[in-house]
Amino acid sequence: MARTAASDDDDDGPPTYTVARGTRRDPRLKDMGISCMLNTEVAALLAVIRRRPDPYTYLPPAVAAAEEAVFAGLIQSLKTLRALLFQPRHGAWRCSDPSMYLSPFLDVVQSEEVPPAATGVALSSVLKILRIDVFDECSPGARDAIQAILTAVTNCRIERIAEAGAGAEEAVLLRVLQVLAALLRARAAPLLSDSAVCTAVNTCFQVVQHAASSRGSELLQRTARHCMHEILQAVFARLPDIRDEADDDVSVPSAAGFGARCMVDIFNFLCSLLLNAPDMVMTPEGHGAFTSEEDVQLFALVLLNSAVELGGEAIGKHPKLLRLIQDDLFYHLIHYATECSPLVLSMICSTVLNLYNFLRRFLKLQLEAFFMFVILRVGSGASGLQLQEVAIEGLISFCRQPTFVIEMYVNYDCDPLLRNVYEEVGRLLCKAAYPLSNPMTTIQLQAFEGLVNMITTIADNVEVEKAPDREAYNVDISEYRLFWLERWDSSDDHGHETWVDYVRKRKLKKKKVAIAANHYNRDEKKGVEFLKLCHLVPTPPEPKSMAYFLRYSPGLDKVKIGEFLGDPDDFNLKVLKEFTDTFDFTGSVLDTALRTYLESFRLPGESQKIQRVLEHFSERFFEQQAHEVFATKDAAFILCYSVIMLNTDLHNPQVKKKMSEDDFIRNNRAINSGKDLPREYLSELFHSIASNAITMFSQGITSIEMTTSRWADIIKRSRSMEPFTPCDFKHKLSREVFIAVSGPAVATLAAIFDYTDDEEILNQCVEGLISVARIARYGLEDVLDELLCCLCKFTTLLNPYSTTEETIFTFSNELKPRMSTLALFTIANRFGESVRGAWKNIIDCLLKLKRLKLLPQSVIEQEGGMSSGSDRLGHRPRSDSAVIFPSSHRGAGTSRHVSGMIGRFSQFLSLDNAGESLLSVGNEFENNLKIIQQCRIGSMFTESGKLPDESLQNLGRALIFAAGGKGQKFSTPIEEEETVGFCWDLILLVSLANLQRFSLLWTHMHDCFTAVSQLPLFSPCPFAEKAIVVLFKVAVKLLPGQPSPDRFAEELICKSINLMWKLDKEILDTCCEGISECIVKLIMDHAGSVQTPIGWKTLLHLLSVTGRHPETFDQSVAAMIKLMSDGAQITRFNYAACIEAAFGFAALKISPLEISTKILELMADSVNWLVQWHKSGYSDPGSSNSSGSSNSSSSWPEDASRMGNLATNMFIKLAETLRKTSLVRREEIRNQAVADLGRSFALAAAGELDFGPAGCLACFNLVIFAMVDDLHEKTLEYSRREGAERETRSMEGTLAAATELLADVFLLFLGTLAQGPGFRTFWLGVLRRMDTCIKSDLAAGGGAGVMQELVPRMLKRMIVEMKDKQVLVQRDGDELYEITHIQIQWIAPALKDELFPE
């Protein structure tokens, strides 16, 4: 560019050089650098061309000129290029035609005259130009330039260079490889055509072969293979950017450069390389390029794997490339996997893993075949230990994929047409990991790692915020649907059914089909009945459903299938037709189709059955033939029969003379509508049968090999098969995924934990078991119980043959028992809601720890400052109960909590935790304390309110039976007492934590009490003593704490209390203080909370019983007096119990006179309550549960009658109690009782308490007559004793008071009594007792006494009153008057004239 004059004049000195900020570089400097580089390369190349072999040898000028003339053209072109390098241009090098600076170098590369060194330098120059991107795809002439480079490199004369020596040849070949790799990685590489790319790959492979066959150096061989790898990477890296091609038309070249066409060719070449690996091995004659077949396979697999990795999901967009993978590649992988070296198998597994990750949507059947024929077979050890180890390692790589487990289960195990791949994989891992020796082998460790990884993956994905109800996991098949070929279509209307429900139903149906097949194998009728019962076939069965059952049911006996299909019954023939229609014979040759057909059942032996089966087969085969080999279906049938005969003839050892090919062809002449079948067709059939017999399978499960015919069938089925469904974990599916392998998995983990002593393995094993528990808590209680039982065994705490010292030593010095204990209680704490029967084992372990003194000394503190033990409640010394109860407990819920739990567990078990392990913390006591603290045992009980009902009931049952001694062996009574007390402490915790559902819990607990009491070795002494105290503590918390009265809960706790003291009545004395304290607290503070009759009866009865002791009398009697004085809580439901308890205190020997008198007065005053209730219709606080009709006027007469009876009964109860009090030894109390009894009758009469005639008679018979009779008997008894004059006079005084009471009450209720039909008999009873009393006075005193004066006076009062009220009137036929007249003559003759004047 010209400079202006001004610019020249404005020269202020030389320009300063400044470095620009940032990374941007001046383009002119870059172009200058390229010019310098090209100049250097030209100079170097000229120097090499001009250099003579021996520079010190003199050549004549003519000779030198002749040599110079040979390279004149090349030298001139180089000089011309150098002259242009620094000339001013109108653009950058990138905008120049690359041919300008490439042609001189390429001419040298293709020249046959230049020395090898010049060829190497020229290639080096081209390589440098490509690497620094002097030109790109936008440069003018770039397409021609890039093609020219490839042409020059491929036309390089390697043979001429080889004449110069091996060193020169290798140097040039290395440059050729480098240029090819750089060419395919250049920015202009996309401009290459498909054929050019294939040429580059072919050239590189030729160098690989040349390097191997000519025994080239190790460097050249490795470089050649590496270059091949780089070229493929560069090619397939472009696949994701190529447009989708529906059919990859290979006939139309792409103007934009190479595309999928060359990749298809390259991939096909690599597959053929794998197929022809044996032919590529170097022979002694020098043929071949590789040292071994393994070398070829590895080379091909590395390239294939790289192509898959770079192509990725984009391969699925190109049908031809995808078909190569689906068919050729997978077949070769499966074919070589079982017969290769460990290294090749490892590469095969890696390749299939990549295919799974990118293309599994298109490889459903191929992946199934790979797992069934390779992974499962080799992994089981069928091909040796080395290959087994590699297969297990490859399987673990699959298991590490995030969704592998769930996708295998959904796509295979839930598909009725496919094998249970996931279940087989799980069983393989369990079987391979199961320890048979110690230490574990490498295979066992690998399988163990894979098993733990699989279980952990399921556990991480099964977590939900809120677990569904147990019923939500149930799957119901309520109607028949032909499910074999059913597919899920999200666009269809499925009602309330979700995709998860659809998958779960398919799996359930598949399970039931397997069960039905088992039934069918034993009895066809039972199998069909089971199918109908499960709605797997309609009722009656239809042919299509039965055909699918016979065709696709795994484990079905093939002999029975053949017998069913060959039966001539109409239904069987229809099933045979439907069965045959399930096969697709399109494009198959006859023997291949026949092999596939006969693999599904055993051909029956009868010729007629064979004929029927082959007729249907030949008809189906004929219908699906695209080419017209057969003119009619009869021709196909005849040939089928002929093939079966040929197979028998050639492969039956009993046939001595074998059929020849000519014989076979001759036997099948003119069968095709009078014409011959093509000889070539028949010849191929003969040789196929001769080399590979048609196998007649007779068992449901056989070891089969992958053959070309079977693979062809797989490819054909894959075209119509439901595609592979990528999916994520779903809660319900994750649970069922684990169920499929739960049994073997838990057994294997438990066995590994039992066998191994390695701490790291133990740590992983425990974490695997915790993952099992995380899954099992979702409705898999049996699995969790099994797991916990195993852990209990590993703690060694339950070993019946180990002494206490041995158990302590083992626990303190061995790692496994400690880990088991920690894991046991960790799982019980975290997942207790799913524990059922294992609570028994957990409690047994806890009690063992208690007996071994391995639990820290601790007090179980509860609300209100109450001690959890029973030492405050009884006189017997209480054992030390030790439980760790943390102040906080983690909540249930999400996986975050679970992960945190496992993290803490792992940290605790870690050997790197501050350099300490479980065995190196300190002394034994400190170690044990740390373990038990980590167990958080108390949380199981304090947090039991979160447990579901069933789990809580099992926990309660385990505690009760443990307290009852079931399964326990006690060495001393003290140990027994300590254990029982500890169990009841825990029962108290559980009860207090579940007060809100106490009725549900205690219904089951009370039944357990009854069952425990029936145990053969049950000891009621410590059990009942500890129990009753705890029960009263529960009652103190339960009754006041109910927001609404729970009458049922109150009844339950009282029934249990009654049961306990009846088991051992001595406990009412030994635990009197504690029982009294609780009862007093309830009565004094919470009497209103007691709602049931049994509640009041229990409390008042035990209050009176425990109040007999001097230390409890004061507080007990105070509560009794307060209750009766207040009267607010006295109801008709607790009245009788209250009166009975009051009697207990009034008649007590230690009761002061004023106390007894006060109680008797309160008892008499209680008649006012009866009167009040009677008048108000019994609307007392306890009447809330009575009939609501009491307030209805229409039912008043009936209610009044009922209430009258109740009043009479309650009054009689009171009167009887006072009667009993009148018999006590203290005279003051007796007399007070008689007086209060009279006052009671007076209050009743004044309050118009209507007894009625029957009620009045009952009062006399049950109370007054009985009292007089008893006192009379007592008086006579004392009178017969020597020195008992004082007692006799005292008792006589009470008798006199009672006799006077009899007369008073008689007169009080005379009008009512006289109305009764039994008055005559009643009056005779009165007279008889008067007679007895007056005679007793004579017997006791021996002279005129109190009764001699009192009885006549009482008789006179009664008779006078009877006459005044016209009850006793002299009439004709009135026996009452006559009888009274006669009786008076006997009893008090002095009154006869006065009362009965003549």
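Residue Ala993 comes nearest to Phe941 through the heavy atom pair CB-O, 3.8 Å, listed as atom of the first residue, atom of the second, then distance. Of all heavy-atom pairs between Arg997 and Pro948, the closest is NH1-C, 3.5 Å. Nearest heavy-atom pair, Cys1021 versus Ile1067, reported as atom, atom and distance to 0.1 Å: O-CG2, 4.5 Å. The two residues Val1090 and Leu1039 have their closest heavy-atom pair at CG2-CD1, 4.1 Å.
With salt bridges taken as basic N to acidic carboxylate O contacts below 4.0 Å, none links Lys848 and Asp844. In this structure, Glu943 does not pair ionically with Arg936, as no charged nitrogen and carboxylate oxygen lie closer than 4.0 Å.
No hydrogens or angles considered: nothing links the side chains of Thr807 and Asn799 as a donor-acceptor pair under 3.5 Å. A donor-acceptor contact closer than 3.5 angstrom is absent between the side chains of Thr1112 and Thr1106. Looking only at atom types and distance, the side chain of Thr1092 has a donor-acceptor partner in the side chain of Glu1050 under 3.5 Å away. If you check the side chains of Asn1058 and Trp1061, you find a donor sitting under 3.5 Å from an acceptor.
For the pair Arg1108 (side chain) and Val1105 (backbone), a donor-acceptor distance under 3.5 Å is present. Side chain of Gln1091 to main chain of Gly1088: a donor-acceptor pair is present (N/O by atom type, distance under 3.5 Å, no hydrogens or angles). Listed for the Asp785 side chain is a donor-acceptor partner under 3.5 Å among the backbone atoms of Gly837. When atom types are taken as modelled, the side chain of Ser1076 and the backbone of Glu1073 share no donor-acceptor pair closer than 3.5 angstrom. Between the side chain of Ser944 and the backbone N or O of Met940, no donor-acceptor pair lies under 3.5 Å. Remark: the backbone N or O of Cys935 is paired with a side-chain donor or acceptor of Asn829 at under 3.5 angstrom. Without hydrogens or angle criteria, Ser1104 side chain to His1101 main chain gives a donor-acceptor distance under 3.5 Å. Between the side chain of Thr826 and the main chain of Leu822, a donor-acceptor pair closer than 3.5 Å is present. The backbone N or O of Arg777 lies less than 3.5 Å from a partner atom in the side chain of Ser834, making a donor-acceptor pair. Put simply, the side chain of Ser951 gets close to the backbone of Val835: a donor and an acceptor are under 3.5 Å apart.
Taking the six-membered ring where the residue is Trp, the centroids of Phe1009 and Trp1002 are separated by under 6.0 Å.
Within the model, atoms CD1 of Ile1159 and CE of Met1120 stand 7.5 Å from one another, a figure rounded to the nearest 0.5 Å. Between the SG atom in Cys1138 and the CG atom in Leu1123 there is a gap of 5.0 Å [rounded to 0.5 Å]. Within the model, atoms CG of Leu824 and SG of Cys789 stand 9.5 Å from one another, a figure rounded to the nearest 0.5 Å. Taken to the nearest 0.5 Å, the SG atom of Cys792 stands 8.5 Å off from the CG atom of Leu797. Between atom CZ of residue Phe794 and atom CG of residue Leu762 there is a gap of 10.0 Å, rounded to the nearest 0.5 Å. With rounding to the nearest 0.5 Å, the separation of CD in Glu1051 from OG in Ser1056 is 11.5 Å.
The shortest side-chain heavy-atom distance between Leu955 and Ile843 falls under the 4.5 Å cut-off. Inter-residue side-chain proximity for Phe811 and Leu852 is flagged as unmet; no heavy-atom pair is nearer than 4.5 Å. Looking at Leu1100 and Glu1140, their side chains never come closer than 4.5 Å, going by heavy atoms from C-beta outward. Taking the side chain as every heavy atom from C-beta outward, Leu849 and Phe825 approach each other to under 4.5 Å. Pro1093 is listed as a side-chain neighbour of Arg1047, based on a closest heavy-atom distance under 4.5 Å. Side-chain contact check for Glu1111 versus Cys1072: some heavy-atom pair is nearer than 4.5 Å. Residues Leu798 and Cys845 meet the side-chain proximity criterion, which asks for heavy atoms closer than 4.5 Å. With contacts defined as side-chain heavy-atom distances shorter than 4.5 Å, the pair Ile1083/Lys1122 does not qualify.
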When you look at Gln1129 and Trp1096, which way does the side-chain contact (heavy atoms from CB on, under 4.5 Å) test go after all the steps? CA-CA 10 Å; Gln1129 305 303 328; Trp1096 278 108; 4.1 Å; yes

Could you go step by step and tell me if Lys946 and Glu833 meet the salt bridge (charged side-chain N to carboxylate O under 4.0 Å, His left out) rule? CA-CA 7 Å; Lys946 300 177 182 179; Glu833 69 273 7; over 6 Å; no

Test side-chain contact (heavy atoms from CB on, under 4.5 Å) on Ser742 and Leu780; report intermediate values, then the result. CA-CA 10 Å; Ser742 59; Leu780 302 177; 5.8 Å; no

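Geometrically, Lys1213 does not engage Tyr1135 in a cation-pi contact defined by less than 6.0 Å to the ring centre and at most 45° from the axis.
The environment of NZ in Lys816 is crowded: more than 12 heavy-atom neighbours from other residues, nucleotides or ligands sit within 6.0 Å. Summarising the local packing, NZ of Lys1220 is surrounded by more than 12 heavy atoms from other residues, nucleotides or ligands at distances under 6.0 Å.
Taking the six-membered ring for Trp and thresholds of 30 and 60 degrees, Trp984 and Phe1023 have ring planes more than 60 degrees apart, a perpendicular arrangement.
Every residue two or more places apart in sequence or in another chain was checked for a ring-ring contact (aromatic ring centres under 6.0 Å, His included) with Tyr755, and none qualifies. Partners of Lys793 under the salt bridge (charged side-chain N to carboxylate O under 4.0 Å, His left out) rule, at least two apart in sequence or in another chain, do not exist in this structure. The salt bridge (charged side-chain N to carboxylate O under 4.0 Å, His left out) test applied to Glu976 returns no partner, not counting sequence neighbours.
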